[in-house]
There are 4 protein chains.
Amino acid sequence: MWFRIDPRSEVPLYQQLVDQVREGVARGWLRPGDRLPSVRELAVRLALNHNTVAKAYQELEREGLIETLRGRGTFVAARRRRPASHEDYAWVESQIRQLLVAAYHLGIGPEELVDIVRRVAAGWRETEGGSS
Amino acid sequence: MWFRIDPRSEVPLYQQLVDQVREGVARGWLRPGDRLPSVRELAVRLALNHNTVAKAYQELEREGLIETLRGRGTFVAARRRRPASHEDYAWVESQIRQLLVAAYHLGIGPEELVDIVRRVAAGWRETEGGSS
Amino acid sequence: MWFRIDPRSEVPLYQQLVDQVREGVARGWLRPGDRLPSVRELAVRLALNHNTVAKAYQELEREGLIETLRGRGTFVAARRRRPASHEDYAWVESQIRQLLVAAYHLGIGPEELVDIVRRVAAGWRETEGGSS
Amino acid sequence: MWFRIDPRSEVPLYQQLVDQVREGVARGWLRPGDRLPSVRELAVRLALNHNTVAKAYQELEREGLIETLRGRGTFVAARRRRPASHEDYAWVESQIRQLLVAAYHLGIGPEELVDIVRRVAAGWRETEGGSS
DNA sequence: GTGGTCTAGACCACG
DNA sequence: GTGGTCTAGACCACA
């Protein structure tokens, strides 16, 4: 499978796992009903402690992205469609503003950033059918 | 001045300071040559430890955003124009991808995200002349 | 029959069975002498492991709610009337206290909770003749 | 302070802590702004591992009941008033139904249970000014 | 076999 | 000092 962990990253190991599952679900690489590797199997494969993997899975379950079926394993949950709230939009906009600042200091201005976003989003859309 | 610290945030206090200076410079609220408050003054005003403010200033100086003139104070540095490297672009794109994933899980699809980015960037451009 | 199993629930599968029989008996849906489905039959019907159903039946038999007549099947037992002990009352009160806490954090205060309990208990009484 | 852990209980240790803080907040024994013992201090006091205490605190923070101020410690958060949703009421009612069943099997009928609830809720109200 | 819990002991960033 | 993360290794309930 496609999990990759970078032990040198400052991002916590369990968070890297969470992020990758989130991306997998968002991009359609992981479909509802797909089985995730067992906690211990994945721990061995990635040379992590099983507790680290378990922490990631628990976080994902809390978010409703995955479900565990008692004794049978862990599976990708059906997507729950919840309309984005006003708070959600505010959060996304603040993230964008942060990104504009960071890009500026790298020498990338707002117009160029919009172009890059458009291009990256287009690449995303080719993979999945869009979801807004 | 306009510094605001949220001790409840999960973002480190010194990082919040760094972020705000970075945004101030990027948006033109802070111009080269502007004087920043002294470490002690800012620490008192924001009810922070001196070390916390000092750490923020050190980080900003390391990035070349501010300069300390011995005995005279701390000032916003002249902007060093450096073309964005290939790595810089790769980093920005990865950030965008992360944002697409996060937005997706909030119920905001790629097309809608591009619209929001365009709108936020437009608001930004009204304040500053852009730099791409 | 009316058994419903939710494999996603955090309640163990065997426990869900036990709970439903307990409710059935308490509400009068299951009367003394009524025959329960065999372990194998119920396992097939609910897509459970035999052992899971067997464990539930064992637990119910241990509680005296059902009786197994060798070779004839499993039946709802006659209700044994035993006065509630001091310990029983203490347990019930602790459960109520827990419920008061949980309700509080959902924004439901003690007075309102009492009202809800009264209403739910009234609905219950319509089904069965009460037993206190 | 008033934390008590029962290592023999089948309730997980961290869950016992969570429950006690929840009750403390609900009953007004813990007021917004009150400082909780540090993770390690409480771990020593209760003869638990610090990870166990940390897990409890993290769960409570996720629920918004407590807040951690970077490097300063953990504090009871201001109560966020959120109106109970339809789902919340459904959950409470299901809990009540379960309690009615359990009480029945102990020989305590619905009318008597209502009386007990009324009495326990009254005792609660004497401690705190009510909140519905 | 599965996930959930717990301990012991370690290292780190933050203030 | 604070909390956050991680490992190693153990035990348990569940299916």
Side-chain angles (χ1 to χ4, degrees), chain A residues 5 7 9-17 35-44 46-61 66-75, chain B residues 5 7 9-17 43 46-56, chain C residues 5 7 9-17 43 46-56, chain D residues 5 7 9-17 35-44 46-61 66-75:
Chain A
I5 294 299
S9 164
E10 61 181 3
V11 179
L13 306 181
Y14 82 92
Q15 187 66 53
Q16 296 182 36
L17 270 182
R35 190 177 185 282
L36 290 172
S38 83
V39 167
R40 281 164 176 78
E41 178 194 342
L42 193 52
V44 169
L46 300 176
L48 298 176
N49 187 279
H50 62 247
N51 288 327
T52 304
V53 180
K55 185 171 184 179
Y57 278 21
Q58 283 173 12
E59 169 66 21
L60 289 162
E61 185 156 25
I66 66 177
E67 296 174 321
T68 111
L69 270 56
R70 316 194 50 88
R72 304 238 321 271
T74 306
F75 301 83
Chain B
I5 295 299
S9 164
E10 60 181 4
V11 179
L13 304 184
Y14 85 91
Q15 187 67 53
Q16 295 183 36
L17 274 181
L46 300 176
L48 296 177
N49 190 305
H50 297 173
N51 298 330
T52 304
V53 180
K55 185 170 184 179
Chain C
I5 295 300
S9 164
E10 60 180 6
V11 179
L13 304 185
Y14 85 92
Q15 187 68 52
Q16 295 183 35
L17 274 182
L46 300 176
L48 296 176
N49 191 305
H50 298 173
N51 297 330
T52 304
V53 180
K55 184 169 185 180
Chain D
I5 293 299
S9 164
E10 59 182 3
V11 179
L13 306 181
Y14 82 92
Q15 187 66 54
Q16 296 183 36
L17 271 181
R35 190 177 185 281
L36 291 173
S38 82
V39 167
R40 280 165 177 78
E41 178 193 343
L42 194 52
V44 169
L46 300 175
L48 298 176
N49 187 278
H50 62 247
N51 288 326
T52 304
V53 180
K55 186 172 184 178
Y57 277 22
Q58 283 171 13
E59 170 65 19
L60 288 163
E61 185 156 25
I66 66 177
E67 296 174 323
T68 112
L69 270 56
R70 316 194 50 89
R72 303 239 321 272
T74 307
F75 301 83

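Below, chains carry the letters A, B, ... as their sequence lines are ordered, and counting in each starts from 1. Worth knowing before you read on, the calculation uses all heavy atoms, side chains too, and leaves out hydrogens, waters and symmetry mates.
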Under the rule of Watson-Crick or G-U wobble with both distances under 3.5 Å, where | means paired to another strand and [ ] a crossing pair, DNA chain E maps to ||||||||||||||.

Examine E/dC14: is either OP1 or OP2 under 4.0 Å from a nitrogen or oxygen in the side chain of B/Lys55? Give yes or no.
yes

Return the set of residues passing side-chain contact (heavy atoms from CB on, under 4.5 Å) with B/Asn51 (not counting sequence neighbours), or none when no residue passes.
B/Asn49

For A/Thr68, what residues pass the side-chain contact (heavy atoms from CB on, under 4.5 Å) criterion, not counting sequence neighbours?
A/Glu61, A/Thr74

Looking at CD1 of D/Ile5 and CD of D/Gln15, how far apart are the two atoms once the value is rounded to the nearest 0.5 Å?
10.5 Å

Give me the residues of residues 46-54 of chain D where at least one heavy atom lies under 4.0 Å from an atom of DNA chain E, by number, or none.
D/Leu48, D/Asn49, D/His50, D/Asn51, D/Thr52

Does the A/Arg70 side chain pair with the main chain of C/Glu10, one donor and one acceptor, at a distance under 3.5 Å?
yes

Starting at the 5' end of DNA chain E, which residue's closest nucleotide do you reach first, D/Gln15 or B/Val11?
D/Gln15

Find which nucleotide of DNA chain F each of A/Arg40 and D/Tyr57 is nearest to by heavy atoms, and output the residue with the more 5' nucleotide.
D/Tyr57

Which residue, B/Tyr14 or A/Thr74, contacts DNA chain E at a nucleotide closer to its 5' end, judged by nearest heavy atom?
A/Thr74

Classify C/Leu13 by what it touches in the nucleic acid, base, sugar-phosphate, or nothing, heavy-atom distance under 4.0 Å.
sugar-phosphate

Quick one: does A/Leu17's side chain get under 4.5 Å of A/Leu48's, heavy atoms only?
yes

Does some side-chain heavy atom of C/Leu46 sit less than 4.5 Å from a side-chain heavy atom of C/Val53?
no

Residues D/Tyr57 and D/Leu42: closest non-hydrogen pair is OH-CD2, 3.5 Å

Under 4.0 Å from a heavy atom of chain D: give me the 5'-most and 3'-most nucleotides of DNA chain F that qualify.
F/dT2 to F/dC6

Kindly give the heavy-atom pair with the smallest separation between A/Phe75 and A/Leu69, and that separation in Å.
CE1-CB, 4.1 Å

Go through the structure and list residues passing side-chain contact (heavy atoms from CB on, under 4.5 Å) with D/Glu59, not counting sequence neighbours.
D/Val18, D/Arg62, D/Glu63

For D/Gly73 versus D/Arg35, what's the shortest heavy-atom pair and its separation?
CA-NH2, 3.9 Å

